[in-house]
Protein chains: 2
Amino acid sequence: MSTSAEELRAIALAEFATAGYAATSLHRIAELAGLSKSSVLYHYSSKETLLEAAVSPAIERMGGILDTLQVNSLSPAGRASFLNEFVDFILEYRREVNLFINQGPSLTDVPVIDQANEVVQRLAEYFATNTSSVEDKMRFGIALGGAAYMLCTQDSLGVQSPIDETRAALVTILSELLAPIAVPAP
Amino acid sequence: MSTSAEELRAIALAEFATAGYAATSLHRIAELAGLSKSSVLYHYSSKETLLEAAVSPAIERMGGILDTLQVNSLSPAGRASFLNEFVDFILEYRREVNLFINQGPSLTDVPVIDQANEVVQRLAEYFATNTSSVEDKMRFGIALGGAAYMLCTQDSLGVQSPIDETRAALVTILSELLAPIAVPAP
DNA sequence: AGCTAACCTGACCGATCGGTCAGAAACTGT
DNA sequence: ACAGTTTCTGACCGATCGGTCAGGTTAGCT
């Protein structure tokens, strides 16, 4: 993998997440990378391929987390370790998660986005099956969408802090937010 | 105002919020309304005018709420009444808020979006000036972005409830989420 | 019926979109 | 120096974008 390819992937991810996939042109990505549009299409055979390269690592990582979740059941300790894993995930892949959350429902014709939607759906069901309460479902939605939003706009919100402090605060807030969601009796 | 104009406004708002402003074509809006693209441009002289018509009521309403806020200071009672006002606002204008939150930063060249960004900034400062804590700023971001996300995707999250129940749950969750933000001594 | 104004449309415009292709430029190992 | 591969580019294509314009259709008023 050449340096250009990896640089293009990073630029495309940032633009897709902030400006939107459909609203980001290959010309714009090329311009930011200091290349021509043709060069972008040399490294990635289509715009969709570029999107796939940008987001698939995040999908695989989250899929893996959810797989281990089915085995290691819903004990309180399992809950806490899952939350830690999830916070690490969302901190590393904040742009990807923001993209899935905001553009997933409207990009259903793109295969890789469908995979992402399925993963988000699995995550939602993990919480939804354990509660029939409307408030609890809302708690999950606010936690997921809120964390993705906040982490991608913390600059404009005046939040600037070392990542350790961000991580600790996020664990605190999400724990509190999701705590009322009932753990089923064993 | 003809029925077509109001119908176009509603359709455009829904499409702009879900698919994105840049990604939504006038042809698409016309198609959903059962009209031609030319007819859309008869009622609204440009795509930007249509966006303005779609979102300006929400901007004015939120601006009004923030104006009364500066007078009626930061007493705990004022806090609670503000939260109620804000929940009513975000329930009525959930599509508009979702649009501001997700597309505001990337549409700075559109004047009406700049107005919206200023309002969001005022709201952020209302919370930010009362706290220097990183965690508290993050609480505000999660509450704002999370509520906007959850209210616009509650269908796919399996949340279907009467609006009164949604409202009550939202007040509960946001109160809890924002409670730790310190109220300054009088 | 006749006039007016509101409403709607198809044809057309320049610009930009994603994508193709032939070939130039740069780097490699020999 | 040479050949081969990787990297990069400009010219070009059909499709779609937002927007203009001249003219057709409908409705109400006198």
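In what follows, chains are A, B, ... by sequence order, proteins preceding strands, each numbered from 1.
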Between residues 9-31 of chain B and DNA chain C, which residues have a heavy-atom gap below 4.0 Å? none
Specify the residues of residues 45-56 of chain B, ordered by number, for which at least one heavy atom lies under 4.0 angstrom from an atom of DNA chain C. none
Can you check whether Ser36(A) has a side-chain N or O nearer than 4.0 Å to OP1 or OP2 of dT9(D)? yes
Check whether any side-chain nitrogen or oxygen of His43(A) sits under 4.0 Å from OP1 or OP2 of dT6(D), and answer yes or no. no
Testing the 3.5 Å rule here: is there a donor-acceptor pair between the side chains of Ser156(B) and Thr153(B)? no
Which one of Arg167(B), Arg61(B), Arg94(B) satisfies the salt bridge (charged side-chain N to carboxylate O under 4.0 Å, His left out) criterion with Asp88(B)? Arg167(B)
Is the shortest heavy-atom distance from the side chain of Leu83(B) to the side chain of Ser175(B) under 4.5 Å? yes
When you compare the side chain of Val120(A) with that of Val97(A), does any pair of heavy atoms fall below 4.5 Å? no
So, is Ser38(A) near the phosphate of dC21(C), with a side-chain N or O under 4.0 Å from OP1 or OP2? no
Atom-pair distance (NZ on Lys37(B); C1' on dT16(D)), nearest Å: 9 Å
Closest of dC8(D), dT9(C), dA6(C) to the Ser39(B) side chain is dT9(C)
Take Glu135(A) and Arg139(A) through the test salt bridge (charged side-chain N to carboxylate O under 4.0 Å, His left out) and record every step on the way to the result. CA-CA 6 Å; Glu135(A) 182 183 311; Arg139(A) 284 178 180 275; 3.1 Å; yes
OP1 or OP2 of dC7(C) less than 4.0 angstrom from a side-chain nitrogen or oxygen of Tyr42(B), does that happen here? yes
Leu41(A) CG - dC17(C) P separation (whole Å): 13 Å
With heavy-atom distances below 4.5 Å as the criterion, would you say the side chains of Ile65(A) and Phe82(A) are in contact? yes
Looking at Arg9(B), Lys47(B), Arg28(B), which hits salt bridge (charged side-chain N to carboxylate O under 4.0 Å, His left out) with Glu15(B)? Arg28(B)
Classify the side-chain pair Ser161(A)/Thr166(A) by whether it contains a donor and acceptor separated by less than 3.5 Å. yes
